Every structure is written in C-alpha cells, then in structure tokens.
Amino acid sequence: MKKTFYVTTPIYYVNAKPHLGHAYTTIFADTICRFHKLMGEETFFLTGTDEHGDKIVQAAESQGKSPQEYVDEISSLFKNLWPELDIENDKFIRTTDPYHKECVQRFLQIVYDKGDIYFGEYGGYYCFGCERFYTEKELVDGMCPDHKKPPTYIHEENYFFRMSKYQDWLREYINDNPDFIQPEPYRKEVLSMLKEPIGDLCISRPKKRLTWGIEMPFDKNFVTYVWFDALINYLSAIGWPDSEEFKKFWPAYHIIAKDILKPHAIFWPTMLKSAGVEIYKGLRVHGYWKVDETKMSKSLGNVVDPLSLKDKYGVDGFRYFLMREMHFGHDGNFSEKNMIERFNADLANDIGNLFNRTLSMINKYFKGKLKSQISFEDMDKELILLGKRSLNNYITSFESFNSAEGLENLMIFVRAVNKYIDSVAPWTLFKNKDLDRLNTVLWVVLICLRKIALALWPVMPSSSEKMLNAIGLALDVKSFDFKREVDDFSTWEISDNLPKNLNLFPRKEVFKEEKPKKEAKSSKNEEQESYIDFDVFQKVDLRVGKVLDAAKHPNADKLLCLKVDLGEQKPRSVVAGIAKYYKPDELIGKNVVMVANLKPRKLRGEISEGMVLAVHKKDGLQVLAIDGEIDPGSKIS
RNA sequence: GGCGAGGUAGCUCAGUUGGUUAGAGCAUGCGGCUCAUAUCCGCAGAGUCGGGGGUUCAAGUCCCUCCCUCGCUACCA
C-alpha cells in the first residue's frame with residue numbers, strides 16, 4: 001500500500017479578503033504536498049474558509065447582505081484565487097457546509113457524553129451597543145473600540161470544555177514527541193504555556209445573542225463558538241469517523257502561522273484526546289512576512305499589493321521567492337527588490353541559463369540529437385555523486401518542511417553543473433573534434449537537468465513541466481518515485497528532437513534605488529524617533545492634584561485606588577501601581593503631579609482617569625509631590 | 001514587570017557533543033571563458049560572532065551580568 005500524506009492549511013476567516021499571508025501558507029502547503037506526491041505518496045491537501053461568528057454577522061449587515069450571501073462571496077474569493085497560484089487542493093471546506101455541521105455536533109456529543117463538557121458561569125466585558133463580548137485584548141483603553149464606551153462586565157451561563165483535565169497528558173505528549181510541534185522554538189513556547197494552568201475553554205454562546213453558528217446537540221438554546229467549530233474541519237473534510245478517506249489519510253500535518261499556535265497546539269490535541277480520536281501527526285509553524293513598503297515600487301509612488309506581483313513576475317517566480325526566502329520558523333522580508341534579485345540570481349542566471357546553454361550546445365553540435373552510448377569519466381562520476389548528495393539533502397529538507405533549505409541544496413547542484421560545463425569546456429571539445437567525449441558530457445548535463453527540473457516541480461509546477469517536456473519526459477506524478485530518480489543517473493529515454501533553446505526566466509530589470517535620497521530620509525527619521533516636537537509635549541496636560549482619599553484596590557494587591565481633586569467638579573478616580581511602597585494613609589493630603597488628559601482605562605475592574613507621576617528609585621517608587629499650599633488643578637509646564 | 005526566542009560579513013542566514021586561519025548565497029571589486037538570458041567560472045575585500053565579566057590548555061559554542069529587537073503575558077495609566 002502506498003504511503004499517505006495529509007496536509008492542511010488553517011481555514012481562513014472570511015472577514016477579510018485574501019492577502020499575502022494566506023497566499024504564503026497555502027502555497028507552502030501546496031509545495032509540501034506536491035513534494036510528497038513526487039516521492040510517490042498518496043496525498044490529500046485541504047484548505048477552506050471559516051464562516052461563523054458575530055463578526056461575520058456584523059460585516060454582512062454593514063453591507064446590507066444576509067450572512068450567507070456575505071460568506072458565499074468572500075469564500076469564493078479564496079477559492080478562486082488558489083488555481084491562479086497553481087495551488088491544487090483536493091478539497092475546499094466551508095464551515096457552513098452541512099456535513100461539517102453534522103460532524104461538529106457528533107464530536108460535541110461524544111465529548112459531552114464523556115463528561116468533558118459542563119455548564120458553568122462565564123464572565124466577560126459586554127458592550128450593549130455591539131451586543132457582544134470583548135476580550136480584554138480587544139478593548140481599546142478599556143473601551144469598546146466601536147462605541148468608545150466602557151463595556152459592562154456581565155456574567156452568563158455557558159458550556160465549557162474540561163481542557164485542564166488533559167494538561168498533564170499534553171505536556172508529556174509534547175515532551176515525548178519532539179517532532180509533534182516544530183520548529184523547536186514554537187515547541188518550547190507551547191511547553192512554557194503548559195507550565196501555567198491552561199484552564200477550561202468556553203465553547204458556547206447563547207442563541208439569544210448569536211444565531212450564526214452550529215447548534216449544540218444537547219442544548220438547542222446554544223451554538224458552539226469558534227474553535228470547536230473551526231478545528232474540527234480537519235476531521236469533517238475527510239469524512240470522520242467512518243469514511244474510507246478518513247481511515248486512509250488521518251492523522252494530518254497542520255501548517256499554520258504563529259498567531260494561531262495556542263488553539264492548534266493546546267485546544268486541538270486535548271479535544272482529540274477527549275473525543276478518543278488519534279492525535280494529529282504534526283504541527284508546523286511558520287512566521288510572518290514583513291512587507292517593506294518603501295522598497296515596493298517606490299518610484300511610482302504607490303504601494304503595491306504583494307499578491308499582484310504574481311502577475312508582474314509570473315506565478316512561478318512568485319512561488320519560488322516565497323519558498324526560497326522565508327526560512328522555516330523565521331519571519332521573512334518581502335520586497336520587490338529582493339524578489340527581482342532572487343529571480344535574476346537563481347532562476348534567470350543559474351537555472352534558466354543553464355537549461356538554455358545546454359540545449360543550445362546540443363543543437364549546435366549535434367542538431368538536437370544525442371547518442372545514448374556513453375562511458376563516464378571520473379569528472380562525470382564526481383558530478384553525479386555530488387548531484388545525488390545534494391538531492392538527498394533536498395529530500396531531507398523538504399521532509400522536514402524546510403523549503404528554503406531544500407532549494408538551497410538544489411542550487412548547490414545547479415551551480416556544480418554550471419561549473420562542470422566550464423571546466424570541461426564543450427566548445428573546446430568541439431573544436432578538437434572529440435565528438436564522443438562531447439556527446440557524453442552533454443548527456444551527463446542533460447540527465448542532471450532532468451533531476452533538477454523534477455526537484456523544482458513542487459515549487460514551480462508549470463516551469464518544471466515546461467523543462468521536462470522540452471527534454472522529452474511527460475511527468476506523471478501518480479506513478480512517480482523521486483527517490484528512485486535520485487539513485488539512478490544512468491537510464492532514461494532521451495528525446496531525439498531537443499529544442500534549440502528554452503528561455504524560461506527572462507532577466508528582470510534591476511530596481512533603481514535612489515541611495516542618497518534614502519539615506520537622508522532615514523537619518524531624518526532617526527531624529528524624529530529620538531525627539532518629540534514641542535507641540536507634542538504641550539499636548540500632555542500636567543497638573544497638581546490633591547489626594548482626598550486612598551484605598552486598597554479590591555481586586556489587586558499592587559494597586560491603590562485614589563480620589564484626586566484636580567479643581568474640577570468631581571474628584572478623579574485614579575488607579576496607581578504603588579501599593580508596595582505606600583500605605584493609603586500616607587498619600588492622603590499630598591499634592592501629587594498628575595497626567596490629567598490620559599485616556600481613562602479600567603484596571604482590574606476599577607476605572608482610572610489619570611496617572612500619578614513617580615520617580616523610579618533603586619528600592620522602589622517615590623511619588624512626585626509638591627510641598628506647601630497649591631490650588632488643586634494648577635497647571636505644570 | 002514576568003516568561004520565551006533572538007542579536008554571527010552591507011543583506012538573508014549556516015555554524016554539530018567547546019578544539020586548528022568563523023562559513024554559504026546575494027551584493028561589491030578584479031581576472032578568465034564564449035555554449036548561453038551581458039549569462040557562467042575563478043579570485044578578493046570585508047565580521048573584537050550585541051557589550052562586559054567568568055570557567056577552561058581551548059568559547060560564537062558553557063556560566064553570570066547588562067544593552068537591544070521580537071513574541072506571549074501582566075495587579076504598567
């Protein structure tokens with residue numbers, strides 16, 4: 001039976017249009033999947049869209065559409081983009097698909113029957129204007145980002161997943177399986193998250209507030225919320241629990257960006273464990289693209305959507321750049337300049353030109369037809385040995401999801417072939433009429449090109465197929481084994497009608513950078529960073545305030561709650577992190593220095609309408625205070 | 001503030017359990033070839049491996065400390 005390989009991208013949330021990040025993850029998954037196909041495995045590649053939740057309902061309303069209309073529209077943007085990027089997914093799942101809903105309910109029921117779901121109280125910040133909860137992180141300075149009003153802390157009954165029950169198991173599992181989460185830094189990060197209690201997971205929302213979701217199978221008044229809906233797509237897409245596909249392909253490798261590490265590394269394995277489903281095979285985490293806008297078509301004065309560069313440089317050039325430039329686990333730098341440089345150096349100069357010069361010589365010296373009788377000399381054997389070694393390294397790299405390293409290993413081989421041609425100098429052999437040797441040399445080069453073209457297929461399927469067609473090999477991935485291809489450099493059928501040339505990657509114009517201008521600009525920026533203008537300082541409203549009252553914060557032991565008179569109608573409520581250094585009584589009556597126009601914000605539930613200035617000393621903090629009688633509210637400048 | 005990751009040539013990164021003159025690609029400069037997309041090949045320059053201290057016969061590699069960047073997190077207003 002064939003080895004199988006199942007790889008997924010996250011399902012993308014349809015509140016935004018596809019961008020570079022989506023494209024990268026999906027191209028990466030496609031490349032990895034194609035690599036495994038090339039290795040002779042039976043593969044399944046899943047991507048799709050995540051379509052439930054309140055944000056979707058709101059976005060739809062704002063456009064005057066029904067949620068279904070809205071998600072249909074955005075989802076199709078994703079679905080239609082992938083073929084344009086030569087991405088061949090086996091399935092495109094949508095969380096609004098009926099089979100997915102059924103599957104989620106089935107999963108929930110199993111976990112519920114096991115006793116891992118309980119009904120409990122949930123507290124959170126709720127904005128009545130938005131009719132929704134906000135996490136503390138979403139709040140801007142303690143306010144609802146839309147209504148600019150403080151939300152209300154309310155309690156609500158909800159269903160919870162007993163995630164904490166599996167914390168110890170998960171920690172051990174990750175310790176025992178170093179390959180489970182990779183690259184290593186992310187594995188360590190997850191282990192460090194697991195040092196703290198992970199708590200239980202709130203997995204429902206009452207229907208009275210949110211209907212756009214999947215109904216809880218054991219309570220019609222609730223829908224499931226976010227992760228129980230989304231993560232289960234990896235199972236529902238292949239027909240868990242009974243389908244042939246599920247039996248064949250599960251467990252999966254999940255490819256994600258670092259922002260959703262926690263749900264995939266902690267929620268998902270514990271969910272699977274609870275439901276008694278085999279744990280997924282591995283999580284592979286990549287970084288972000290830092291888009292350098294100053295280097296993007298600066299001369300035109302407009303910022304270019306990175307995705308649009310696929311049209312300018314071709315899908316293959318675009319895919320190659322992304323796969324070559326992002327080092328696995330690191331963040332990558334995306335700029336048009338880097339893209340052109342990479343395109344010219346690797347694709348145009350090294351690979352493209354190598355193909356072209358070879359075909360040209362075969363045509364010039366042998367009219368496009370080589371003889372198969374050959375005998376290798378030491379030089380030839382050395383090149384072949386090096387080829388096998390670098391291709392094996394290429395395989396190892398791609399097996400561990402490291403596309404940049406894999407392509408670098410391939411480039412070592414490409415450079416070696418160019419060097420081989422130079423040191424053999426076929427043009428001299430031709431002059432000397434040493435045609436047998438010349439035939440052998442070109443034959444060796446051509447077979448190397450075949451291997452190189454095959455190795456490029458996962459990253460640049462279209463260009464790879466052009467190369468292979470040119471040398472007479474129609475690639476049938478279904479019956480392929482790249483490993484065998486790497487081991488055997490001696491037998492193959494050669495086309496006796498090779499083309500005169502093949503200009504795959506025409507060089508791109510090098511980006512013109514106006515260096516002096518740029519330097520001037522950057523030094524100016526530095527200046528701007530280390531100084532603030534006077535008018536910025538003037539915006540800070542510093543005033544003297546008299547502390548009328550001070551008390552310990554009810555819900556925090558490092559904070560004090562003060563009432564400060566600023567000469568206004570009502571004294572201000574101010575929270576200060578000085579409980580370690582001051583007793584409440586010591587502060588009463590002091591004239592302190594305050595920032596009076598700081599945006600109010602809640603700290604552990606108490607509103608703070610200003611900031612008390614203090615000096616940082618070796619042994620703690622000393623509040624700035626003014627001696628003598630001063631009118632509260634006096635301005636400081 | 002806490003935890004984690006990082007700081008190696010102009011740029012992107014490798015550097016195995018500490019061991020001879022710290023590597024690769026790109027970029028730069030010089031030379032060679034002419035089959036080729038002014039491409040290819042060779043040579044060269046450049047790094048007190050973030051700073052300081054320590055362990056050791058020997059440290060980019062181990063320990064301490066400080067600085068900076070990024071991520072998560074917080075009882076930072």
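Just so we're on the same page: letters track the sequence lines, and every chain starts at 1. Owing to the predicted nature of the structure, the values given are computational and were not obtained by experimental measurement.
- The nearest whole Å value for the distance from the CZ atom in Phe430(A) to the C1' atom in rC35(B) is 11 Å.
- Remark: Asp380(A) engages Arg437(A) in a salt bridge, criterion side-chain N to carboxylate O under 4.0 Å.
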For nucleotides 36-38 of chain B, give me every protein contact, N/O to N/O, under 3.5 Å, one pair per line with atom names.
| from | atom 1 | to | atom 2 | distance (Å) |
| --- | --- | --- | --- | --- |
| rA36(B) | OP1 | Lys364(A) | NZ | 3.2 |
| rA36(B) | O3' | Asn356(A) | ND2 | 3.1 |
| rA36(B) | O2' | Asn353(A) | OD1 | 2.6 |
| rA36(B) | O2' | Asn356(A) | ND2 | 3.2 |
| rA36(B) | N3 | Asn353(A) | ND2 | 3.1 |
| rA36(B) | N3 | Arg357(A) | NE | 3.4 |
| rU37(B) | O2 | Phe505(A) | O | 3.1 |
| rU37(B) | O2 | Arg507(A) | N | 3.1 |
| rU37(B) | N3 | Asn503(A) | OD1 | 3.4 |
| rU37(B) | N3 | Phe505(A) | O | 2.7 |
| rU37(B) | O4 | Gly352(A) | O | 3.2 |
| rU37(B) | O4 | Phe505(A) | N | 3.3 |

_Could you walk me through whether Arg187(A) and Glu184(A) satisfy the salt bridge (charged side-chain N to carboxylate O under 4.0 Å, His left out) test, starting with their C-alpha distance in whole Å, then the side-chain angles of each, then the deciding distance to 0.1 Å, before giving a yes or no?_
CA-CA 5 Å; Arg187(A) 175 170 170 265; Glu184(A) 198 59 21; 2.6 Å; yes
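- Nearest nucleotide to the side chain of Ala345(A), out of rG25(B), rC26(B), rU12(B): rC26(B).
- Within the 4.0 angstrom heavy-atom criterion, only backbone atoms of the sugar-phosphate kind lie near Met611(A); the bases stay farther away.
- In this structure Glu405(A) satisfies the salt bridge (Lys or Arg N to Asp or Glu O under 4.0 Å) test with no other residue, sequence neighbours excluded.
- Aromatic ring pairs are classed by plane angle as parallel below 30°, tilted from 30° to 60° and perpendicular above 60°; the pair Tyr313(A) and Phe343(A) is tilted.
- For Lys195(A), no side-chain nitrogen or oxygen approaches OP1 or OP2 of rC3(B) to under 4.0 Å.
- Atom CG in Asn409(A) sits roughly 13 Å away from atom P in rG25(B) (whole-Å rounding).
- Residue Leu559(A) has its side chain nearest to rC76(B) when only rG71(B), rC76(B), rU12(B) are considered.
- For Met361(A), taking side-chain heavy atoms from C-beta onward, the closest of the listed nucleotides rA5(B), rC35(B), rC75(B) is rC35(B).
- Taking atom P on both rC35(B) and rC49(B), the two are 48 Å apart, rounded to the nearest angstrom.
- The aromatic ring centroids of His286(A) and Phe401(A) lie 6.0 Å or more from each other.
- Classification of the His327(A)-His330(A) ring pair by plane angle, with boundaries at 30° and 60°, yields perpendicular.
- When the C1' atom is compared between rU28(B) and rU37(B), the two are found 23 Å apart, to the nearest whole Å.
- In this structure, Ile578(A) places its CD1 atom 9 Å from P of rA77(B), rounding to the nearest Å.
- Atom name C1', nucleotides rA38(B) and rC33(B): the rounded distance is 14 Å, in whole Å.
- Base pairing in RNA chain B yields stems of at least 3 consecutive Watson-Crick or G-U pairs, both distances under 3.5 Å, namely B:1-7 with B:67-73, B:10-13 with B:23-26, B:28-32 with B:40-44, B:50-54 with B:62-66.
- rC63(B) and rC26(B): their P atoms are spaced 36 Å apart (whole Å).
- Position along RNA chain B of the nearest nucleotide to Ala416(A) versus Lys262(A) favours Ala416(A) as the more 5'-ward residue.
- Whole-Å rounding puts the Ile421(A) CD1 to rU39(B) P distance at 17 Å.
- For the pair Lys258(A) and Tyr288(A), the cation-pi test (distance below 6.0 Å, angle within 45°) is passed.
- Checking Lys500(A) against Ser360(A) by side-chain atom types alone, no donor-acceptor pair falls below 3.5 Å.
- Across all strands shown, Ala579(A) has no heavy atoms under 4.0 Å from either base or sugar-phosphate atoms.
- Taking every heavy atom of both residues into account, Ser464(A) and Leu456(A) meet most closely at CB-C, 4.1 Å.
- Distance noted for atom P between rG45(B) and rA24(B): 12 Å (whole Å).
- In the set rC33(B), rC75(B), rC41(B), rC33(B) carries the atom at the smallest distance from any side-chain atom of Trp427(A).
- Relative orientation of the Trp289(A) and Phe334(A) rings is perpendicular, given thresholds of 30° and 60° on the angle between their planes.
- At a threshold of 4.0 angstrom between heavy atoms, the contacts of His330(A) are confined to the sugar-phosphate backbone, with no base atom among them.
- Taking the P atoms as reference points, rG60(B) lies 11 Å from rU21(B), given to the whole Å.
- Asp350(A) comes within 4.0 angstrom of the backbone, heavy atoms only, and of no base.
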